[in-house]
Amino acid sequence: MNDSVNYDESKVGNHSVPDVLRCKDGSRVEDAASWIIRRRPEILDLFATYVYGKTPVIYFDTSYEILSEDSNALGGVAIRKEVAIRITNKTNASVIVLALYLPKDARKPVPLFLGCNYNGNHAVDPDKKIPITQHWMRNTLDEKSVVNNRATEFSRGYESSRWPLELIIKSGFGLATFYYGDVEADHPQGWRSGVRAHFSSHAPTGEFRVEDWGAIAAWAWGLSRAFDYLETNAEVDSVKIAVMGHSRLGKAALWAGALDERFALVVSNNSGAGGMALARRDFGESIKSINENFPHWFCGNYKTFNDFPEKLPIDMHQLAGLIAPRPLYIASAQEDLWADPKGEFLSGKFADPVYSLFGEHGLKVTDWPEANHPVGEKIGYHLRTGKHDVTAYDWEQFLRFAIKHFRIPQ
Ligand code: GTR
């Protein structure tokens, strides 16, 4: 593969992907039980070993504290709570602050979407009562909103267009979100003050082994800790919790959904390379560029595939297969060529054989659909017109998909 970015479909080349059902010993699983017992654990281990890194066995305590409660949020339609999730061991503590929105009028317990946000809970909802996060933040917003890697008042509501809270609440769902920087700051040294330092044995030296977890796995771990809390909240229907993420946080949502089968539905929005885009397709972002730009996201082993994606023993359709038979929604955007929208679709398509083992249709369709024509059965897919982003259109599809699969009466 050369170093320039390819956006020409005719130059993508021939990319046959590994057979999702063929085990390491050459045999092929033919039924759901063999998938669950033999093939699924193999694939999970391959992703941990070669892509995201292995999440260590961690011993920790947790406690939950309600920091605030507003029973008249969002103009009176929701209850908003901020909950501190304190994760501790003998020497360290990490605190995730979850913003939880529950519809006031819906019958409890409610189904819910959980997802990390990029800029703090105050950026999701401009309500001045929400404190500005104090944690390190990338200086990628305008110069007033983040100063010296700290969010300011100007960033209030900054990403609210990505979280249409009223729409979610009106549809009878709850929403829980937290700042991903609560778990680990998104830069190569971010691990030093995050959960990978606090809770893994290599913490003092920072000498990660090539198969140790990267930042994406840490954020995924944080999503599971948020789930732990949600499971204790009787107002939330814990068998109807969807995990959702956009872009790098879409990669984290997918890995969380693969590792933690308590997530009943998974949504990948524009997750691209290292998410739903097939690694073997030379289109848009490559393994090499993602590893060079974000050396902390994946494990050391992943870097050995920088120039050899075809040598990776798995491809991303197998990550989609790890979600089966649970519903999976894959959302792409037409102008988001960097994330390879067609490669995201193909991951879903090539995961279909896993859903078939369970007697289910995955995507079912074989052709990449036109823009704004959602398709699929247990795997949903749409290609939205427009850019790399999360929009109300995307959420309308996620909600429709979740209403159908969670069988929510309307
Ligand atoms: C890009 C990165 C993508 C995607 C995106 C994002 O720079 O190359 O893989 O994760 O960032 O998270 O917004």
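For ligands, and for the atoms within them, numbers begin at 1 and follow the listed sequence.
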query: Could you give all pairs that pass the side chain to side chain donor-acceptor pair (under 3.5 Å) test and reach residues 173-182, with sequence neighbours left out?
result: N117-T177, H135-D182, Y180-D186
- line: Here the ring-ring contact (aromatic ring centres under 6.0 Å, His included) pairs for residues 74-100, sequence neighbours left out, are none
field: Residues in contact with ligand 1, criterion: heavy atom under 4.0 Å
entry: Y118, S247, R248, K251, E285, I290, F294, W297, W338, H388
message: A side-chain contact here means heavy atoms from C-beta on lying under 4.5 Å apart; do F298 and I290 qualify?
response: yes
- prompt: Does the distance from a Lys or Arg side-chain N to an Asp or Glu carboxylate O, for D142 and K144, drop under 4.0 Å?
  reply: no
- prompt: Does anything in residues 88-101 pair up under salt bridge (charged side-chain N to carboxylate O under 4.0 Å, His left out), and if so which pairs, sequence neighbours excluded?
  reply: none
task: Give a yes or no on whether a salt bridge exists between R80 and D127, defined as a side-chain N under 4.0 angstrom from a carboxylate O.
output: yes
